[in-house]
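What follows is one structure encoded as structure tokens, with my remarks underneath.
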Amino acid sequence: MTESPQPCTPSPVSDAKFLHKHGAEGIENSHMARKPEDVDVATFMREHLTPRPAGEGYVVPDSQYKGDVEKISGAKVKAAIYAPVCALLNKISKRIYDTYIEAGLALDRANPVLFLDHHTGPPKAADLDMKNMPEIVGVFGTKKSMKNFCNEKTKSYMGVPYHRIITTGECKPEAEEGAGQAVSYICQHARARLDMPGTYALFANARGYRILWSDASEVVKSPFVDWTELGLLEGYIRSLYFPPKNHHLWDPTISSPVVLPDAMGSGSKVHWTITYNGSTYSDCNPFFLPLSRGRRTTVFMYEGGGGDDFAVIKDAYRDDAQRFDEATLINDIHGEGIFPGVVRVLESGDVNGEDGTAIVTARPADRDKKVVHRTKKRLIMGSRGSQFCDAKTVKDILKAAYDALEVHRALLKRRRFLHRDLSIYNVLIYPEHSKQSTEDKEFISDPPKFIDEILGQSNDCDDKCRALLIDADNSASLKSELMSDPALAKELREELAMRTGTPRYIARSAACGRVLGHVFATNFKAMPGLEDTAKDIYIRTYGNETYEEYEDAAGERHGGGASSRKAKDTPFIHRPDHDVESMFWLLVVVFLLAKPQGMPDDCTEELYGAWDYIERHTIGAPGRDDTRQPFFLYDADGWEAILHPGLSSLAPLMVKLGVQVFPEYALMDPAPPEDHLHEVFRRLILEHIVGMGDTDIDLEVGVARETKPPADGNDGKRKADDDPDRGNRQNSKRSKSHRSTQHHDPYYLSI
């Protein structure tokens, strides 16, 4: 392992402080954050610690540690407890280590676990905004090997690199509060030690201690025990050497952390080497870091030899009870050839631990206790792109939105695939695909028709699509064989009734998990018609029969009318038009933040209020309380008041889209065609692009409008790193124009 900076090749920047603030991973059906669960001592030792081996040589005489325990118990101030706790831990650790060596047991580490007093400063976390400061850290090493981090005067340590730390601890003199801080250390540890699926932690005070175990399922903590019983402490340290079954401390496929200067020239990053199925991916840059529990999605960029020799590596812990598997769904999409506009998977499968079995979470699934059992999965992908907020022009945004919905529509009709989580993180522009993703592969025979093709314009992407759909974690298959089996159909209906999405972009009824029943829910609008050039292009591309198929008959709207059913009597199910609504919210966010190139900022109270509607939205509130509802009340003047003046021409389009998205189509009888809202967006976006003619609006790349009143001393300009929708990035790239200091290297953003 290397702590000193090394020469590096250009690599992407990670907007670490925004990685999880806005919920890029969306809602996961089977997981909600909970407080750590307490279990009794016997259960904790049996289920989460390695038992003491048989034989007298392994018995630890507690009397040997009497002096250290007395010092701990006598600590009246916080500063007096660190040294005796570390001394006790190190004596037990050395004894266990030596006993294993004497018994001839093979240890992977050349040195015992060394516990260090680290209370004077935080560990060094390369490119991570980590404020927490564990007061005790454990590393494999010797005091000599750690001398560069030791303050000779205080004998405490500071700045130990996080990628060296294997366990952490929190100490208090007398009060027992502080276990929560130990949990927070575990949470940030998961983001720093990407090679550690699970971790142990310690909380100690003058009266006693408790041990904690954490993996992607949850945190479990032992009861608080006093210093007269050291068996629990001994089991904790022993488990750092030989963890019990299904307690995977290490992922052997992620190794060799190297600290490199960041490509942006500020700070540094830890790069990793990843091995999988016989292939080695060196110098992998982690640009999306995990939450401590749940899927713990982590994404690495491997640049290879540069250019189109790249790979994006996504690790995630999948709920074993989840109906659909991401890799299986994506591979099925590409089963008859490369499907344009969809991320391409090069390899996928389980990730195995040191024992050769799949890395899993420790506790078995328990529905009553809301315990989820998870397995670590890996996808190696050959596709990447940029977020919509990184668009260079307005037309680029509209064209990408058009193509994204054409892909989504084709997937629905041809593959019976429903994404269920369209957002700025999962729908990308400026796609690129690696050369490996197309080797010995053919494209599907009848691809969707994309915007550049129908306008007769050029497109350099190999599949001619301006958008890229990624991240099928929440997706579902609607194939007929599932619907024909009663048991599978019931399971699918239950799955589709789950609230799934990302807070800012999720459809309103999906956010509240029920059919909307507001007073205008059945105020259905007519299918918009096209005229002149836009209609000619449409009919030339799709045919007059298709155009007429979606036209309204007399007295109808989208093929139906208002139902007599009440919202409260209509069960919620995730429909395709919910995904189209998510695309509407994506456009709302992107256009609110967009700033035309070379024009002064023009932020207004109306903008601040509109952004507050977006920012305050949460999943789970009743539909009538959705904070985003006011957007449907804006007329053209209202939209002009919240958009930059240079984008006022978009106001009529947003009004037209909004009135079509607003109604609750579950209350239509008969039900409209499943792709009726796709058709609305196809027509309205095409009409607007054609209406722009040869003109376009260049956008500031890397700068978003200020969405809150500027504070004193703030110039009102929001940099890319301050943009609340630029932190979570998946399969994304930036060009040199984004920052003068940035290398011209594309990169993946957060999955």
Side-chain angles (χ1 to χ4, degrees), residues 11-15 24 285 287-288 297 299-303 307-314 326 330 333-334 338-346 379-393 395-408 411 419 421-438 448 450-452 459-473 502 505 582-583 586-587 589-590 699 701-702 720 723 725-738 742 744-751:
S11 60
V13 66
S14 171
D15 301 325
N285 177 17
F287 60 88
F288 183 68
T297 302
V299 187
F300 303 84
M301 171 60 70
Y302 168 72
E303 289 292 354
D308 58 2
D309 182 25
F310 66 86
V312 181
I313 302 171
K314 173 184 176 181
E326 178 179 20
I330 295 175
I333 288 171
H334 294 296
I338 297 174
F339 202 107
V342 179
V343 64
R344 303 170 193 174
V345 175
L346 306 178
L379 274 72
I380 300 179
M381 297 167 283
S383 305
R384 62 185 178 186
S386 296
Q387 281 190 359
F388 271 71
C389 282
D390 288 334
K392 300 171 185 176
T393 72
K395 267 189 181 176
D396 284 356
I397 293 173
L398 294 173
K399 286 184 172 185
Y402 187 97
D403 283 0
L405 286 171
E406 290 299 303
V407 172
H408 186 275
L411 289 173
H419 192 282
D421 189 15
L422 297 186
S423 73
I424 204 167
Y425 313 115
N426 299 335
V427 185
L428 306 177
I429 62 175
Y430 307 136
E432 290 182 352
H433 303 283
S434 71
K435 60 183 180 182
Q436 189 179 352
S437 72
T438 57
F450 297 120
I451 190 67
D452 286 324
N459 185 315
D460 295 331
C461 196
D462 64 4
D463 62 7
K464 307 305 177 186
C465 182
R466 280 182 169 262
L468 178 67
L469 267 59
I470 62 172
D471 194 358
D473 281 326
T502 302
Y505 310 95
S582 292
M583 281 298 297
L586 184 154
L587 291 175
V589 168
V590 171
L699 301 174
V701 182
D723 174 358
D725 265 312
R726 292 177 186 273
N728 294 310
R729 304 183 179 255
Q730 170 174 306
N731 303 56
S732 300
K733 60 185 180 181
R734 275 189 188 171
S735 66
K736 190 174 181 180
S737 63
H738 285 246
Q742 179 144 353
H744 184 59
D745 269 8
Y747 68 97
Y748 238 105
L749 302 180
S750 73
I751 286 187

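Numbering starts at 1 and runs along the sequence shown.
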ring-ring contact (aromatic ring centres under 6.0 Å, His included) against Phe339, all qualifying residues, sequence neighbours excluded: none
For Asp308, side chain to side chain contact (heavy atoms under 4.5 Å, CB included) partners two or more places apart: Lys435
Closest heavy-atom pair and its distance - Val590, Phe388: CG2-CB, 3.5 Å
Partner set under salt bridge (charged side-chain N to carboxylate O under 4.0 Å, His left out) for Asp309, not counting sequence neighbours: none
Note, Ser383 side chain near Leu468 side chain (heavy atom, < 4.5 Å): yes
Distance (rounded to the nearest 0.5 Å) between Asp471 CG and Leu379 CG: 9.5 Å
Side chains of Ile424 and Cys389 in contact at under 4.5 Å (non-hydrogen atoms): yes
Distance in Å, Asp473 CG paired with Glu326 CD, rounded so as to fall on 0.5 Å steps: 4.0 Å
Any Leu411 side-chain heavy atom under 4.5 Å of Val342 side chain: yes
Student check: side-chain heavy atoms of His433 and Arg384 closer than 4.5 Å: no
Heavy-atom side-chain proximity of Ile397 to Ile429 below 4.5 angstrom: no
Step-by-step side-chain contact (heavy atoms from CB on, under 4.5 Å) determination, Lys392 to Leu699: CA-CA 5 Å; Lys392 300 171 185 176; Leu699 301 174; over 6 Å; no
Partners meeting side chain to side chain contact (heavy atoms under 4.5 Å, CB included) with Thr393 (sequence neighbours left out): Lys395, Asp396, Asp696, Asp698
Side-chain donor or acceptor of Asp403 paired with backbone N/O of Phe450 under 3.5 Å: no
For Ile330 against Ala472, the heavy-atom pair lying closest together: CG1-CB, 4.2 Å
Which residues share a side-chain hydrogen bond (donor to acceptor under 3.5 Å, both in side chains) with Tyr402, sequence neighbours left out: Tyr542
Spacing of CZ belonging to Phe300 relative to CZ belonging to Phe287, to within rounding of 0.5 Å: 10.0 Å
Side chains of Met381 and Ile313 in contact at under 4.5 Å (non-hydrogen atoms): no
Heavy-atom donor-acceptor pair, Ser582 side chain to Tyr505 backbone, under 3.5 Å: yes
From Met301 atom CE to Asn285 atom CG, the distance as rounded to the nearest 0.5 Å: 8.5 Å
Over all atoms of both residues, closest heavy-atom pair of Ile380 and Ala311: CG2-CB, 4.0 Å
Donor-acceptor contact below 3.5 Å, side chain Lys464 vs main chain Asn459: yes
Side chain to side chain, Glu432 and Asp462, heavy atoms closer than 4.5 Å: no
Non-hydrogen side-chain atoms of Val407 and Cys465 separated by less than 4.5 Å: yes
Backbone of Val343 reached by a side-chain donor or acceptor of His334 within 3.5 Å: yes
Donor-acceptor pair, side chain of His419 and main chain of Ile470, under 3.5 angstrom: yes
Pi-cation contact, Tyr430 with Arg466 (under 6.0 Å, within 45°): no
Nearest heavy atoms of Ala401 and Leu587, plus distance in Å: CB-CD2, 4.1 Å
Heavy-atom closest contact (Arg344 atom, Ser437 atom, distance): NH1-OG, 3.3 Å
Backbone N/O of Thr502 and side chain of Asp421: donor-acceptor pair under 3.5 Å: yes
For Ser434, side-chain hydrogen bond (donor to acceptor under 3.5 Å, both in side chains) partners two or more places apart: none
